[in-house]
Structures are given as C-alpha cells and as structure tokens.
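Structure first, commentary second.
Atoms considered below: every heavy atom in the structure, side chains included; atoms not considered: hydrogens, waters and symmetry mates.
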Amino acid sequence: MDMKKSLFWCYCGCLLLMAGCGTQTAKDEIVVSGTAEDSLAVANSSIGFSIMEESNEFPDAIIEMYAPLSNQTFSPGRIPFEFNIKNYPFGEEPSHPQLFLITNGADPVGHHSPIFQLEFKEGTYRTVAYLVDSQGLCLKEFGNYVDRDFLVGNSRPFPYSAEPYIALNLPRNNQAYAEGENVIVDFLVIGGDMLMDQLKVVVKLGSQEFEMSDMVPLSISNLPKGEHVIQLELRKQDGKVFDGPFSSVQKSILIQ
C-alpha cells in the first residue's frame, strides 16, 4: 500500500513539473497557457502573441490634409474633407478602400475618394487619416498618415492635446473570426516616436499582457470560442500612463 502511494505521488509530481515548465516558444512568439478570463468559453487555451513582418509597401507614400484646418470651427452639419495623396496608387483597387479615417477613437471608415463630406454634430473631434497596404494594414512611415483636430458648434479643444496617442486600425469592434483564425492587432502611435520618446504599447487580453516597443502588427493565435476584449494602452517605458482621451482603446471581438 505504501509503495502504491509513493508511486502515485511521484506521478503527480512529474505532472506538476511538466506543467510548470510552460510552453516552448519561438524567438518572436510568446505562448501563454491558461484560461482566457474575458471569454465565454470554459476550455483552457494556449494564447500566442507573435510579431508580424511588415510589408513595407509604399514607404514614400504621402497623404496631405487640406481640410479641415487645425482647430477650425464649423457649424453642425456636413464638414468637408480634402486630401492630396502622392507616391501611392490611390484608386487602382476600386473594390477595397485605401484611405481610412478614425474619428475620436471609433472604428476606421474607408473612403474611395480623397474629397468628401461627413455629417457632424456639436462637439470636439480628432480624426486620423491613413493609407493601407495590399493586406489592409496601415502604412507606418512618416507621411503615410496625418491627424487633425477640429470643432463643431460651441465646443472647446481636447485636453492633453500635445500627448501622443493610439489610433487602432485592427481589430474592429465586434469583428467576428472563425475558430483557429489569427487576430491581427494593427495600430499607429501619433504625436510621438516610440523609440526616441521611450514609449510602449501594452496589449491586454483578459489577464494576459503583451508589451510592444515598436509600431508593428501583432498576431494573436489560439483564442478559444467566445467574446474577448482587446485593450491597448500607451505608456512610457517606466510604466507611466498618459492622461489624454485617446491614450487607450479597446475593442470586443467574437471567436465563432
């Protein structure tokens, strides 16, 4: 009887030792074992975070914003937008928008023309306009994107307007993915250089965190079925969190 007990406890110890060793990872990937707390699924998963290679398409592309002007004030109603795009094949992919706008941290909206009008109610607005590559990822070189604040009606400028902030291209809110499909996180840091200004972006997924010190796309794999919340926070390397209204952003996604 004592021998059977000893063998049983030895077997349990081996299992615990193997579990404690974690998962072997590639040099550009971190795999986190455990249950995703923000998922409706109850099964355990091994969630992988992997830095993607950038395509570096159109590094010389330039987008200039002629309207609105910086901090320009409009009456509520239709606001004109006008862009000039250089060194980029704009309009050659008519089935896919190549120019996107993010306004006040909302989901991006694609446009097929560099001149258009949008309806706005009274308020303060910050819009980020950017170009995308053939995969739909935002171009990240200087000049590939532009931002602008403007006012509608009796409104005041944003506080902390000089702070850097995040513009999130992917994922979109409530975006659905098939089980086993990787989730791409694609973002811009506006108003600051991540290296020179010692910035980092912390990607949060339930109780897991992944820190990024460069403005590159991130692929998340092996998410279990259910709803998940992905949050990005812009911080200083010492952990300081910025106070601006767009220094963090979160999106809900669904794995089906």
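- Residues Leu101 and Leu118 have side chains in contact (heavy-atom distance under 4.5 Å, counting atoms from C-beta outward).
- Checked against ring pair (Phe, Tyr, Trp, His ring centres under 6.0 Å), Phe58 has the following partners two or more places apart in sequence or in another chain: Tyr88.
- Residues Ser219 and Ser50 have side chains that never bring a donor and an acceptor to within less than 3.5 angstrom of each other.
- The aromatic rings of Phe150 and Phe120 lie perpendicular to each other, with more than 60° between the two planes, well past the 30° mark.
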Please list, one pair per line, the donor and acceptor atoms closer than 3.5 Å that link side chains of residues 73-82 to other protein atoms, with sequence neighbours excluded.
residue: Arg78; atom: NE; partner: Gln117; partner atom: OE1; Å: 3.2
residue: Arg78; atom: NH2; partner: Gln117; partner atom: O; Å: 3.4

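- With hydrogens and angles disregarded, a donor-acceptor distance shorter than 3.5 Å links the side chain of Glu163 to the backbone of Gly244.
- With rounding to the nearest 0.5 Å, the separation of CG in Leu168 from CG in Leu232 is 5.5 Å.
- No hydrogens or angles considered: a donor-acceptor pair under 3.5 Å links the side chains of Ser134 and Glu57.
- Tyr145 has its ring centre no less than 6.0 Å from the ring centre of Tyr130.
- Judged by distance alone, with hydrogens and angles left aside, the side-chain atoms of Thr124 form a donor-acceptor pair with the main-chain N or O of Arg156 at under 3.5 Å.
- Legend: residues meeting ring pair (Phe, Tyr, Trp, His ring centres under 6.0 Å) with Phe158, ordered by chain and number and at least two apart, are Phe246.
- Within 6.0 Å of the CD atom in Glu119, the count of heavy atoms belonging to other residues, nucleotides or ligands exceeds 12.
- Contact check for Phe90 versus Pro114: side-chain heavy atoms found under the 4.5 Å cut-off.
- For the atom pair CG of Asn169 and SG of Cys138, the computed distance is 4.5 Å after rounding to the nearest 0.5 Å.
- Here the side chains of Leu199 and Leu234 are in contact, with some heavy-atom distance below 4.5 Å.
- Salt bridge status for Asp197 with Lys236: absent, with no side-chain N to carboxylate O gap under 4.0 Å.
- Between Arg126 and Asp149 there is a salt bridge, since at least one side-chain N of the basic residue sits less than 4.0 Å from a carboxylate O of the acidic one.
- Gln198 places no side-chain N or O within 3.5 Å of a backbone atom of Asp238 that could act as its donor or acceptor partner.
- Using a 3.5 Å distance cut-off with no hydrogens or angles, the side chains of Asn87 and Asp60 do not pair a donor with an acceptor.
- In summary, of the residues considered (Val249, Leu188, Ile190), a side chain to side chain contact (heavy atoms under 4.5 Å, CB included) with Tyr165 occurs for Ile190 alone.
- By the 4.5 Å heavy-atom criterion applied to side chains, Leu218 and Met212 are counted as neighbours.
- Grouped with Leu137 in one hydrophobic cluster are Met52, Leu170, Ile184, the linkage being side-chain heavy-atom contacts under 4.5 Å among Ile, Leu, Val, Met, Phe, Trp and Tyr residues.
- Partners of Glu54 by side-chain contact (heavy atoms from CB on, under 4.5 Å), not counting sequence neighbours, listed by chain and number: Asn56, Lys140, Val216, Pro217.
- Classification of Glu211 and Arg235 as a salt-bridged pair fails, no side-chain N sitting under 4.0 Å from a carboxylate O.
- For the ring pair (Phe, Tyr, Trp, His ring centres under 6.0 Å) test, no residue two or more places apart in sequence or in another chain qualifies with Tyr177.
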